[in-house]
Amino acid sequence: MDNTAQPSPVSKSIGYWLLTGAALVIAMVILGGYTRLSHSGLSMVTWKPVTGVIPPMNETQWQTEFQEYQTSPEYKLRNYDFTLAEFKEIYWPEFYHRLLGRVMGLAFIIPFIYFLIRKKFNNKKIIRQLIVIFLLGLLQGFAGWYMVASGLVDKPAVSHYRLAIHLCLALLLFSVLFIYAIRILKPELDKAVSIQKSLHQFLKITLVLLVLQIIYGAFVAGLKAGLFYPTFPKMGTEWIPQSVSGAFSTQGFSALTESPFVVQFIHRWLAILVTAFSVIIFIKSRGQNSLVKKTGSVIFYFTILQVVLGVITLLNLVPVSLGVIHQLMAVFLLSSLLFAVFSIRKLG
């Protein structure tokens, strides 16, 4: 008889809590995308963790906030003719973005205290996972201010490297919450599903490529590279324009991450590569069980939809609405791949 102690099952209510946290992260990413695309991200030049939860309530407070903004490079170099009314238009998206960050913190702390009092944490593994989530949340909050601070020094633009870090940490936090939640709510997935080893390898490679594609998407956003060459499939009239090869001549290997032309070029071809792998996954999943087959189909259709959205967004010079939808679709595609790699992971 095997007397090895098995870990106690985790309450499903904790799984729903974590899934709610994942949904809040998605909302945070979407609101952050809107804030960036509407040029609102540098409207609040100070970070007030406690008192910042209350917006200006009267004309005097609004004038004080506006005067603080007038000290920023964005006002001095770009929005020097802004009125108070125009300032309010860019203030509110950033305010709500930061407010949602605080809501996320409360959505973690309050249920955590409740579950702790009710002694729901009877599994040491979940305690370690919650510590990881808490630390990632703190790191993400710091990364957000670290990013904004880069646009308050000498030029009205945040570092595209810091933007990529901020986005990647948000998606890492989402990924951890999503994976932990799925494993709590659907523990049977980790036991019963068997897939081909080659299919699982393709899923992992595609996930890595997608992460790289998302990083380059952040670079495209930070460098405003989407405003160049609004044509597809060629960049202008060429497959490899002179601006791409010329960037390597003048910038060397740094062009890979600092030239808007090269960054857009890489972002385009990574999309094609992800699409090619999604086709392989779609084909290989046909011979598997129903769940794997459905997952392969979802990955394929999400990929096609994401590519189409990306092309339409590019052709229309990155309007706010399409840019936000394109970013949301990236999260959906990431979710489907995470589900496949980390939940359907038993190899045949």
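Predicted model, so just to flag it, every value in this text is computed and none were measured.
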Quiz item: Any idea which heavy atoms bring Glu74 and Pro156 closest together, and the distance?
Solution: CA-CB, 3.3 Å
Practice problem: Step by step, work out the side chain to side chain contact (heavy atoms under 4.5 Å, CB included) result for Phe174 and Met28. | Solution: CA-CA 10 Å; Phe174 163 78; Met28 190 75 172; over 6 Å; no
Quiz item: Taking the six-membered ring for Trp, is the centroid-to-centroid distance between Tyr91 and Tyr69 below 6.0 Å?
Solution: no
Quiz item: Are the charged groups of Glu238 and Lys234 less than 4.0 angstrom apart, N to O?
Solution: no
Self-check item: Aromatic ring proximity Phe66/Phe87, centre distance under 6.0 Å
Solution: yes
Practice problem: Check whether the ring centres of Phe178 and Phe342 lie less than 6.0 Å apart, and answer yes or no. | Solution: no
Self-check item: Nearest atoms (heavy-atom pairs only) where Val263 meets Glu258
Solution: CG2-N, 4.4 Å
Quiz item: Looking at Trp239 and Phe265, what are the two nearest heavy atoms and their distance?
Solution: O-CE1, 3.5 Å
Quiz item: Would you find a donor on one side and an acceptor on the other, under 3.5 Å apart, between the side chain of Asn58 and the backbone of Gln61?
Solution: yes
Quiz item: So, Phe202 versus Phe277, ring centres under 6.0 angstrom or not?
Solution: yes
Quiz prompt | Distance-only donor-acceptor check, side chains Thr257 and Tyr216, under 3.5 Å | solution = no
Practice problem: Might you point out which heavy atoms bring Ser336 and Ile299 nearest each other, and give the distance in Å? | Solution: OG-CG1, 3.5 Å
Exercise. Side-chain contact test, heavy atoms from C-beta onward, threshold under 4.5 Å: evaluate it for Lys284 versus Ser198 and give yes or no.
Key: yes
Quiz item: Taking C-beta and beyond as the side chain, do Thr295 and Val298 meet within less than 4.5 Å on heavy atoms?
Solution: no
Practice problem: Verify the distance criterion only: is there a donor paired with an acceptor across the side chains of Arg286 and Ser297 at less than 3.5 Å? | Solution: yes
Quiz item: Are side-chain N/O atoms of Gln67 and Tyr75 paired as donor and acceptor at under 3.5 Å?
Solution: no
Quiz item: Just one of Leu270, Leu273, Val208 clears the side chain to side chain contact (heavy atoms under 4.5 Å, CB included) bar with Gln213, so which one?
Solution: Leu270
Self-check item: Minimum heavy-atom distance Leu24-Ala107, with the two atoms named
Solution: CD1-CB, 3.6 Å
Could you pull out all donor-acceptor pairs under 3.5 Å where a side-chain atom in residues 43-57 meets a protein atom, sequence neighbours excluded?
from	atom 1	to	atom 2	distance (Å)
Ser43	OG	Ser40	O	2.8
Ser43	OG	Ile90	O	3.0

